[in-house]
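I have placed the structure first, in the form of structure tokens, so that the comments after it can refer back to it.
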Amino acid sequence: MAEEALKVSDLKGEFRKKVRELLPKGNLDLCLTCGTCSGGCPATGLEGMDPRKFVRMVMLGLDEEVTTTPWVWMCSMCQRCIYACPMSVDIPQMVGLARQAWPRETRPKGILGSCDMALRHDTCSAMGTSEEDFEFVVEDVLAEVREEQPGWENLEAPINKKGAMYFLNQNSREPVTEPEEMVPLWKILHLVGADWTYGTKGWAAENYCMFLQDWEAWEHIVRVKAKAVDDLECKYWLNTE
Amino acid sequence: MFAVRAGLQKFNIEHNFEIESIIRLYARWIREDKLKVNSDWNKDLQVKFTVQDPCQLVRKSFGDPVAEDLRYVVKKVVGEENFVDMHPNRSNNYCCGGGGGYLQSGYTEARHQYGKVKLNQILATKADYCIAPCHNCHSQIHDLSEHFEADYHTVHLWTLIALSLGILAENEREYLGDDLKEVNMPGY
């Protein structure tokens, strides 16, 4: 005798419910199980998982497996799966929710540490750089270029210039580990006569709190950054990428 | 960029500014002739370049138009004949494996395994350099080359723009290979 078909609605699945509540595209019935997501995902095969399998496990209520597999940290949330999906099932958001199901202190230490560092100063730097340190490095590097590179005596790297058109952000890696990498960009901005500024608050481009899926911290950092740009009355928040 | 863009939306944060990418500005400044780049320095050298489309910038934010801007800038700077695209590309590009906190996650072996897709994409272009206009991409693609002993270099876009303009100082050439360490040095 043939086995009866599984009725998904009869299966327990707290995580599935959460997905339905929180996601605008959380209707998992839309998934055609075609596997297009997995076919084009570099994380397919890691930890014996792939995006399609992950969605099926959510659907079948395998909460324990879904919320404990380290695979959710091996997905880079790049959104290629949702881009390729004929039904636009938002798998990366599900991965995000699964990350969130991990007790905060058990999430990967490196990401956790980077998020916590960013909460220490209004610079939002994941490397913990303070406002004073950033200002010092920028001024120090600028002075060196002005002195040692003929033709660049008037190079500028404005900080907290109110009303500038562009508020430039910078990945912490540069001021902290390779400050000379900031210089080519300054030179380009100088040549085109761009009206730009750094802000001592909110200059750091990175945001690991989002990856950590600590929403409160993520929101805090975005608010600090947005306020920094608005306080300087800049028209554009400019990314170096 | 994505964290701010998505965060402003998700948490309903009021703000008076717009989000802009320097890639779009580079393209505009070159079109307006404010940024007078050229590829003469690479005419005889014929050094080949490919480019990584950062997921956060292209697929997750501004889409294919910014990928076109990126190619416009790169071709102006290195010469059209010296640009080799990887496949797939633009919004359909593969993530390098540097995003999502991967570099900080501690799952290094998985990250290298994941990155093999990108590595093979780059190797298939036979390019000498991969331009990575995103920090996470830069770190990951640089690390992939070292880990798998591939011999391509990884560079920031601003390095090449400044090289083309003849304003790239000696100590700003950290990521260039020996072939470009002394090319188009500032004339002083």
Side-chain angles (χ1 to χ4, degrees), chain A residues 40 42-43 45-47 70 73-80 83-84 108-111 113-114 145 149-151 166-167 171 173 178 180-181 183-185 187-188 191-194 205-212 215 218-219 221-223 225-226 229-230 233-241, chain B residues 1 3-4 6-8 10-11 13 15-23 25-26 29 34-35 54-57 59-60 91-95 97-102 104-107 110-111 113-118 133-135 139 156 158-159 161-162 165 167-169 171-172 174 186 188:
Chain A
L46 299 174
E47 293 288 317
W73 303 101
M74 298 172 186
C75 153
S76 68
M77 304 174 84
C78 78
Q79 299 194 0
R80 194 172 188 271
Y83 182 78
K109 280 192 184 66
I111 305 176
S114 294
V145 175
Q149 296 193 28
Y166 299 109
F167 181 105
N171 188 291
R173 204 176 99 189
E178 43 184 24
E180 64 287 345
E181 282 294 326
V183 181
L185 185 54
K187 289 176 176 172
I188 292 166
L191 284 183
V192 300
E206 65 277 7
N207 190 339
Y208 287 94
C209 297
M210 176 180 70
F211 299 140
L212 187 69
W215 288 4
W218 174 16
E219 177 174 356
I221 283 185
V222 178
R223 284 193 185 277
K225 289 183 182 180
V229 182
D230 278 344
E233 294 165 15
C234 298
K235 211 170 163 202
Y236 296 97
W237 187 75
L238 181 59
N239 289 268
T240 61
E241 44 204 49
Chain B
M1 167 192 293
V4 166
L8 289 171
K10 184 178 180 70
F11 306 116
I13 300 171
H15 58 282
N16 302 314
F17 56 86
E18 289 173 47
I19 293 175
E20 185 56 282
S21 153
I22 194 108
I23 308 291
L25 295 186
Y26 289 152
W29 291 331
K34 283 185 185 165
L35 205 52
C55 306
Q56 311 285 356
L57 173 73
R59 183 167 49 248
K60 294 171 79 169
S91 293
N92 203 22
N93 193 31
Y94 284 115
C95 169
Y102 226 142
Q104 269 74 11
S105 71
Y107 294 111
R111 176 167 60 76
Q113 191 65 30
Y114 185 115
K116 264 192 187 170
V117 173
K118 180 55 57 187
C134 149
H135 278 82
S139 298
H156 294 292
W158 58 60
T159 307
I161 293 175
L165 293 166
I167 58 170
L168 190 68
N171 67 339
E172 293 154 15
E174 170 74 19
Y188 51 76

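The sequence lines fix the lettering, A, B, ..., with proteins before strands; numbering per chain opens at 1. These numbers come from a predicted model, not from an experiment.
With a 4.5 Å cut-off on side-chain heavy atoms, A:Cys78 and B:Arg59 count as touching. Two residues are said to be in side-chain contact when any heavy atoms from C-beta on lie closer than 4.5 Å; B:Ile22 and A:Leu185 meet this criterion. With a 4.5 Å cut-off on side-chain heavy atoms, A:Val229 and B:His15 do not count as touching.
Note that CG of A:Leu238 and CE of B:Met1 are 8.5 Å apart. Values are rounded to the nearest 0.5 Å. With rounding to the nearest 0.5 Å, the separation of CD in B:Gln56 from CD in A:Gln79 is 8.0 Å. Atom CD of B:Gln104 sits about 9.0 Å away from atom CD of A:Glu206, to the nearest 0.5 Å. A distance of 5.5 Å separates CH2 in A:Trp218 from NZ in B:Lys10, rounded to the nearest 0.5 Å.
Interface residue B:Asn92: backbone and side-chain heavy atoms are both found under 4.5 Å from chain A. Both the backbone and the side chain of B:Leu8 come within contact range of chain A, each with at least one heavy atom under 4.5 Å from a heavy atom of that chain. In this structure, no portion of A:Glu233 lies under 4.5 Å from any heavy atom of chain B. Interface remark: B:Pro133 contributes backbone atoms only to the contact with chain A (heavy atom separation under 4.5 Å). For chain B, the nearby part of A:Ser114 is the side chain; its heavy atoms alone come within less than 4.5 Å. If you measure heavy-atom distances from B:Tyr114 to chain A, the contacts under 4.5 Å come from both the backbone and the side chain. A:Lys225 touches chain B through its side chain: at least one heavy atom from C-beta onward sits under 4.5 Å away, while N, CA, C and O do not. Within the 4.5 angstrom heavy-atom criterion, atoms from both the backbone and the side chain of A:Tyr236 approach chain B. Contact annotation for B:Cys55: only side-chain heavy atoms (C-beta onward) come within less than 4.5 Å of a heavy atom of chain A.
Checking side-chain atoms of A:Glu241 against main-chain N and O of B:His135 turns up a donor-acceptor pair under 3.5 Å. Side-chain atoms of B:Asn16 never come within 3.5 Å of backbone atoms of A:Asp230 as a donor-acceptor pair (strictly under, hydrogens ignored). For A:Lys187 (side chain) and B:Ile167 (main-chain N/O), a donor-acceptor pair under 3.5 Å exists by modelled atom type. No donor-acceptor pair closer than 3.5 Å links the side chain of A:Arg223 to the backbone N or O of B:Ile13.
Looking only at heavy-atom pairs under 4.5 Å with chain B, the residue among A:Met210, A:Met77, A:Glu181 that has the most is A:Glu181. In terms of heavy-atom pairs under 4.5 angstrom with chain B, the leader among A:Arg173, A:Glu180, A:Lys109 is A:Arg173. The most heavy-atom pairs under 4.5 Å with chain B, out of A:Val145, A:Asn207, A:Ile188, A:Leu212, come from A:Ile188. Interface summary for chain A: among B:Ser91, B:Ala6, B:Ser139, the most heavy-atom pairs under 4.5 angstrom belong to B:Ser91. Among the candidates A:Val183, A:Val222, A:Ile221, the residue making the largest number of heavy-atom pairs closer than 4.5 Å to chain B is A:Val222.
Between the side chains of A:Gln149 and B:Glu172, at least one donor N or O lies within less than 3.5 Å of an accepting N or O. With hydrogens and angles left out, the side-chain atoms of B:Glu20 and A:Tyr166 include no donor and acceptor closer than 3.5 Å.
For the residue pair A:Trp237 and B:Phe17, the shortest heavy atom distance occurs at CB-CD1, 3.6 Å. Minimum interatomic distance between B:Tyr94 and A:Gly40 (heavy atoms only, all atoms of both residues): CE2-O, 3.4 Å. Taking all atoms of both residues into account, the shortest heavy-atom contact from B:Ala110 to A:Leu46 is O-CD1, 4.0 Å.
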Derivation and outcome, side-chain contact (heavy atoms from CB on, under 4.5 Å), residues A:Ser76 and B:Tyr102: CA-CA 6 Å; A:Ser76 68; B:Tyr102 226 142; 4.1 Å; yes
Trace of the side-chain contact (heavy atoms from CB on, under 4.5 Å) decision for B:Trp29 with A:Leu191: CA-CA 10 Å; B:Trp29 291 331; A:Leu191 284 183; over 6 Å; no
